[in-house]
Q: 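First the structure, which I've put down as structure tokens, then a few questions once you've had a look.
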Amino acid sequence: MKWNKVKKSKSIIAAIIGLFIIFIPIVGPTVSAQENADTFNWTRENVSTLTINEQNTAPTFNKDELVKLSSDYYIWDAWPLQDLNGHPAVVNGFKIIFALSVPKDVLPGKRHDLAQIQYFYSKDGKSWVSGGPVFKDGDALGSRQWAGSSIINRDGRLQLFYTATGQKNEAQLSYDQRLATATADIRTTNTSLTFKNWSKHEIIVEADGKYYQTKEQTGNEESSYAFRDPYFFQDPKTGEEYLLFEANSAGKPEDRPFKPEYIGSEEFRRNHVNPKGSKAFNGSIGIAKATDKDLSKFELLPPLLEANYVNDELERPSVIVKGNSYYLFTKTHREKFAPGLDAPEGLYGFTSDSLFGGYHPLNNSGLVIANPTDNPYQAYSWMVMPNGTVTSFVNYVNVDSKDIYEVGEQSPEYQMEHFGGMLAPSLKISITRDETKIVHEKKQGVFK
Ligand code: FRU
């Protein structure tokens, strides 16, 4: 290369670098306030402060006195049709709920492998009529559908967000999970309600491996994988719209660095034994922001909460707003707490003045509702409505001192006799700043 050519190319390079320096701050990647926000760590210290008391223990109920939502199907994980602001919706006088279901001859423990979403409608909000499966045969994505949420969208249509689990027509059951959506018109007569003109089902959110663990990153030592249970939330403070979901902290176990703040304060850490096996516990509550008004495109943001070394399954998260505060709820099983932590099957909650960051656990530990100690699997999948009504479904009752694994080893007759698969009596909780209390039991099937 001749010298003047070299000189020329040198000055061209310098000009390019100059331009780059000038333009980076303008066109370079922008980091939004949300991306900067601190993910809250639910710590071993928080959980260690947990006490079971009158304020957080649900009353025992008698399953045999309860009304089944369906005589042919077990149902669980129910949710109501909601307005954009989270309140239960009413369509031409009808209230609508959705629930996961399987025919009653399926072993309760196998229900997750065959789950299908059904709907029920009601004029009085207490007695529900079965509408059957929500989706037309073959329309839904995944080999089965797991929990979600439903809203009336801006076009006045039903918009259902759900978990597409596994792959359609798969030969062997798989457990990958993606968030999907579909919309439909709601048609009513005086006595019935149906959904018509379904849109094509679309996958809208998938794990990225950066904020949220992909199926491929899951280690053998990890007890479960989660990227599921979308919950729609419109922030009344900003009007922004989001999906919350259950997930796991990203990365393979060997690539996830230990941070002392996962355990708790320095003082707590001095005396606390953290068993090695707790590294495999990496539950999180994820969030994705809608980038269009049709709610068809979402951008993943860092998790709102992580429970590394604490808990592996933060199921069906949801959020309500009361006064200036956000209340974030999730439910989990006692066996999903990391070794060395003893906490019940229950509803857990956290509060903050902002949606992103600044959370602290309700009642210090996070525990809001626990099953009665002598009936530890009585109910599950609590959902907190904006007025403090909490719904759930009847899980396993009167299993004496058997744990959930032992229940699974009993005869099919035993398992079916002790499983509810129906709505549980609702509960009313009071929320005062960062403290909650179970106030009283409400009727079965009441969502408001
Ligand atoms: C909670 C749950 C959900 C999931 C569903 C699958 O009961 O584990 O997280 O969507 O059950 O059946």
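Counting begins at 1 with the first residue of the sequence. Keep in mind it's a predicted model, so treat the numbers as computed, not measured. Indexing begins at 1, ligand by ligand and atom by atom, following the structure's order.
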Q: Is the closest N or O pair between A147 and ligand 1 shorter than 3.5 Å?
A: yes

Q: Would you check whether Y380 has a nitrogen or oxygen atom less than 3.5 angstrom from a nitrogen or oxygen atom of ligand 1?
A: no

Q: N/O of W76 under 3.5 Å from N/O of ligand 1, yes or no?
A: yes

Q: So does E222 pair up with K252, basic N to acidic O under 4.0 Å?
A: no

Q: Can you tell whether the side chains of E254 and K279 come within less than 4.0 Å, N to carboxylate O?
A: no

Q: Identify the closest protein heavy atom to atom 9 (O) of ligand 1: which residue and atom is it, and at what distance?
A: D229 OD2, 2.6 Å

Q: State whether Y162 and R316 meet the cation-pi test: NZ (Lys) or CZ (Arg) under 6.0 Å from the six-membered ring centroid, and within 45° of the perpendicular axis.
A: no

Q: Report yes or no: is the cationic atom of K123 (NZ for Lys, CZ for Arg) under 6.0 Å from the centre of the six-membered ring of F94, at an angle within 45° of the ring normal?
A: yes

Q: For ligand 1, which is the ligand I care about here, please tell me if H112 has any N or O atom under 3.5 Å from one of the ligand's N or O atoms.
A: yes

Q: Between T165 and ligand 1, find which residue part has any heavy-atom pair under 4.0 Å and reply side chain, backbone, both or neither.
A: neither

Q: Quick one: nearest non-hydrogen protein atom to atom 8 (O) of ligand 1, plus distance?
A: E315 OE2, 2.7 Å

Q: Hey, is R228 close enough to E246 for a salt bridge, meaning N to O under 4.0 Å?
A: yes

Q: Please state which part of R111 comes within less than 4.0 Å of ligand 1, counting heavy atoms only: side chain, backbone, both or neither.
A: neither

Q: Can you tell whether the side chains of R256 and E306 come within less than 4.0 Å, N to carboxylate O?
A: no

Q: Taking only heavy atoms of R228, which atoms of ligand 1 are found under 4.0 Å from at least one of them?
A: 3 (C), 4 (C), 8 (O), 9 (O), 10 (O)

Q: Suppose I only count heavy atoms of L100 and a 4.0 Å limit; which atoms of ligand 1 are within that range?
A: 5 (C), 6 (C), 12 (O)

Q: Is there a side-chain contact between Y327 and S325, using heavy atoms and a 4.5 Å cut-off?
A: yes

Q: Is there a side-chain contact between F298 and I287, using heavy atoms and a 4.5 Å cut-off?
A: no

Q: Residue-level breakdown please: for K331 versus ligand 1, do any non-hydrogen atoms fall below 4.0 Å on the side chain, on the backbone, on both, or on neither?
A: neither

Q: With a cut-off of 4.0 Å, which atoms of ligand 1 are near a heavy atom of E246?
A: 9 (O)

Q: Identify, for atom 7 (O) of ligand 1, the protein heavy atom at the shortest distance, and state residue, atom and that distance.
A: D77 OD1, 2.9 Å

